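Everything on this sheet refers to the single structure shown next.
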Amino acid sequence: MKYDFAAIEPKWQERWEKAKVFAAADKSDKPKFYGLIEFPYPSGQGLHVGHPRPYTAMDIVTRKKRMDGYNVLFPMGFDAFGLPTENYAIKNHIHPAIVTKNNIAHFTQQLKRLGYGFDWDRVVDTTDPSYYKWTQWIFLQLYKKGLAYKATMPVNWCTSCKCVLANEEVVEGVCERCGSAVIRKEKSQWMLKITEYAQRLIDDLDELDFIDRVKTQQKNWIGRSTGAEVTFKATTGDDIVVFTTRPDTLFGATYMVLSPEHELVKQWMPLLKNAGEVREYQRAAASKSDLERTELNKEKTGVRLEGVKGVNPVNGREIPIFISDYVLSTYGTGAIMAVPAHDDRDWEFAKKFGCEIIEVVSGGEDVQKAAFTAKDETGILINSAFLNGLTVKDAIPAVTKWLEEKGIGAAKVNYKLRDWVFSRQRYWGEPIPMVYCEKCGWQPLPESELPLLLPEVESYEPTDDGESPLSKMTEWVKTTCPCCGGAARRETDTMPQWAGSSWYFLRYMDPHNDKALASREALEYWSPVDWYNGGMEHTTLHLLYSRFWHKFLYDIGVVPTKEPYRKRTSHGMILGEGGEKMSKSRGNVVNPDDIIRAYGADTLRMYIMFIGDFEKAAAWSDNAVKGCKRFLDRVWNLSESCADGEAYTPANESGIHKTIKKVSDDIEAMKFNTAIAAMMALVNDFCANGCTKGDMKTLLLLLNPFAPHMCEELWETMGFAAAEGGMVCQMSWPVYDESKTAASSVEMAVQVQGKLRGTVHVPVDSEEAAVVEAAKAVDKVARAIEGMDIVKVIHVKNKLVNLIVKPAK
RNA sequence: GCCGGUGUGAUGGAAUUGGUAGACGUAGUGGACUCAAAAUCCACCGCUGGCGACAGCGUACCGGUUCGAGUCCGGUCACCGGCACCA
């Protein structure tokens, strides 16, 4: 019989679905395992070969877990709100809801063709009102706890998407989605106070089994720095609070810098002799794009405030105050004390504007030539009164204590993390359930009115005035105040795409619940996600956002765990043939449907796992796909030529035990490529030594998570299904006998003076003397030690023997 | 600039705690089968020298530790990723 994958694959997909073999049980005596992959955005292009990499990996893991006796939850869903769908809808005049429905149908069909063991009864769709009802509900809880607030501030504005962006969505000064310029726009926006959770988001990483680069990237992004806030006086009598990580250098502060947007600058404007110049600088700074502002090696600019001075609280010295855009209004207090002798940026600015440079930490080069910034124990404080003689390390707590006693400063921690800008001026998102009343201000919609449905509109084009398309829906916007019953209007911005994905993994636990986002029992049973695999690109977006939401839900008693995910791993990208990124314009996009048609889903699954190190990027190769198909063909042929008998072929036995061990360990470690290599090597042995049905039976169990369709078919045709009373995916994972993983004899390396001179075959665990005897009998060894005395022997059991010799006297 | 990572044949990549470098797969070469091709099967496949047995060299580069280094240590170079005027 031919390996007719085109007939076999749909047949088993249908049988699995009918028998619901992959359904997760709500209650079970088995231990639970929740494996999760990031749900896709159902784009119009359909599945891309990048998708199957993480999906197949987790499918293998969960299929093995089922065979290990776990009650497995392996769900799938669709993150369907978002700009591309909306843009497609605008272009083709189809409602986004219809586009979404069609795309989900297409994705579902493609995913089923790959044979994934998803529990299809638990599919979630973030655009379904019965789902986004709970997204809105969570927003209301955030609002009630003061973690959602509306603020007017300069925000990132994508000129092409005509929409605000979160900090996390701006990459190198441009929009991460479309690559267009991002400018600052003063807008009133809903914000989420993720900064309140900054410390816990860092601290709790310690307990998690996340790959290190995820942890460091999140820590990096949150950007914790410790220091002190110090209050300087201005000659006007106003307080100027600055943040510094180097309070030890306070005596070296020779000027101050405020951000151009600083409140005090506005206040002082009438006093300033150069107010015109100052206003001009503020205007110029405001109109700069993010790209211009962050440009490297940019020369420092700024304006001195004529008429106001600052006073250094440690020595009473009057020092000049500048405004400059190198001080950011959104970090710290928006004001700094400048210590040019010990900070590169301040040094550069001081040189340009002729400010005084006073050395207060000795141990570096001439501070007039370059700043000395070492923060370790090499520097000793000078010119600093009571701090003189201390190391930097000791001076920081000393001066902080002093500041606290004097009441002019205190220890302070700052984070680079900013609050999350949560409104989008677009149509295809969750409506924000808030109402504005002239009398009562912003009021939350009563929970009983959820979901607040997205209204049908004529046009969902974004507008240049920065208003959402929903704002044109006069009838929908007009409402009554939930508080006083008077006339009011609805919020017309929608939530960002990240909203729905911030809690979707909870919904899988109890997807049809209409009383709560999920029942307490389901949450208790399934939490946390045991293993979550996803892309590195989501580390500081989805992964951070969802940890934040989860911690909030934990705080209000909705979820039972502090953290949503116990373990996080990440896959590398699939590149086009030749190593370039796959893209339509390069014409190197591989469509999984084509591969399935030509070679079958099992071959695609094998190849995508064999392609290379799972964590690293890998280039597609059509030829290498064929290698995997050949392997499956050989297995198929073996099933027809193997001998009867349940017992292992003696020549294969130790190889089988070794392979069970290798494949079991490698799946757990996500080393799918070497697991497959081990099975290939075993099959090569079967071909060389011949094999029995018993040999094949174990191979099918091992191979099943990787190539499930073929294994089911052979399991049945070889009679195992009838004998064992079930499909191969319902069987137990094979066990190995450690004592049988070693063969009876081993090949050992023989070295002379550390140089390889030959090998010897000896019984396992041979004693040193026996090995040395055997080694001396090897021709090349004998020649190498001729006329020499063996002075030392290094013997590593079953591995090698190294003879150290010197000339005989 | 700061933080993290990587560097192995023509090629994707393997190599427990330092212990036979190149598993497994591609591509290539030779052969079998075939009228022929495809498919399949067998053999070879790091570099240099030699007809040969064999010898020497080899994991980015330089040095060190060790009986023994792809693996550990010090230095250099190259590439990739993250953060970046964050005080």
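No experiment lies behind these values; they were computed from the predicted model shown. Every chain is numbered from 1, with letters handed out A, B, ... down the list of sequences.
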Q) How close or far is atom P of B/A55 from atom NZ of A/Lys780, stated in whole angstroms? A) 5 Å
Q. Atom CG of A/Asp613 to atom C1' of B/U11: distance rounded to whole Å?
A. 17 Å
Q. Paired with B/C57 by Watson-Crick or G-U wobble geometry, both distances under 3.5 Å: which nucleotide is it?
A. B/G46
Just to be sure I understand the rule, does [X] reach a base, reach only the sugar-phosphate, or reach nothing, if contact means heavy atoms closer than 4.0 Å?
X        : result
A/Lys755 : sugar-phosphate
A/Ser225 : sugar-phosphate
A/Val327 : base
A/Lys671 : sugar-phosphate

Considering only atom [atom1], compute the distance from [N] to [M] and round it to an integer number of Å.
N     : M     : atom1 : result
B/A21 : B/C51 : P     : 27 Å
B/A10 : B/A60 : P     : 14 Å
B/C61 : B/G52 : C1'   : 36 Å
B/G50 : B/C67 : P     : 37 Å
B/U26 : B/C35 : C1'   : 31 Å
B/G7  : B/G28 : P     : 28 Å

Q | Minimum-distance pair of heavy atoms, taken over all atoms of A/His342 and A/Val360 | A | NE2-N, 3.0 Å
OP1, OP2 of [N] versus side-chain N and O of [X]: anything below 4.0 Å?
X        : N     : result
A/Lys416 : B/C3  : no
A/Asn623 : B/A27 : yes
A/Arg630 : B/U26 : yes
A/Arg634 : B/U40 : no
A/Tyr326 : B/A87 : no

Q | Distance-only donor-acceptor test, A/Lys300 side-chain atoms vs B/C85 base atoms, 3.5 Å | A | yes
Q.
With a 4.0 Å cut-off on N to O distance, would you call A/Lys629 and A/Asp633 a salt bridge?
A. yes
Show the distances under 3.5 angstrom between N or O atoms of the protein and N or O atoms of nucleotides 17-24 of chain B.
residue, atom, partner, partner atom, Å
B/G19, N2, A/Gln751, OE1, 3.4
B/U20, O4, A/Glu747, O, 2.7
B/U20, O4, A/Glu747, OE1, 3.4

Q) Relative to the 5' end of RNA chain B, which residue comes earlier, A/Ser621 or A/Gly612, by the nucleotide with the nearest heavy atom? A) A/Gly612
Could you write out each protein N or O paired with an N or O of nucleotides 44-49 of chain B at a distance under 3.5 Å?
none

Q. Under 6.0 Å from the NZ atom of A/Lys219, do we count more than 12 heavy atoms belonging to anything else shown?
A. yes
Q) Are A/Asp685 and A/Asn652 linked by a side-chain donor-acceptor pair shorter than 3.5 Å? A) no
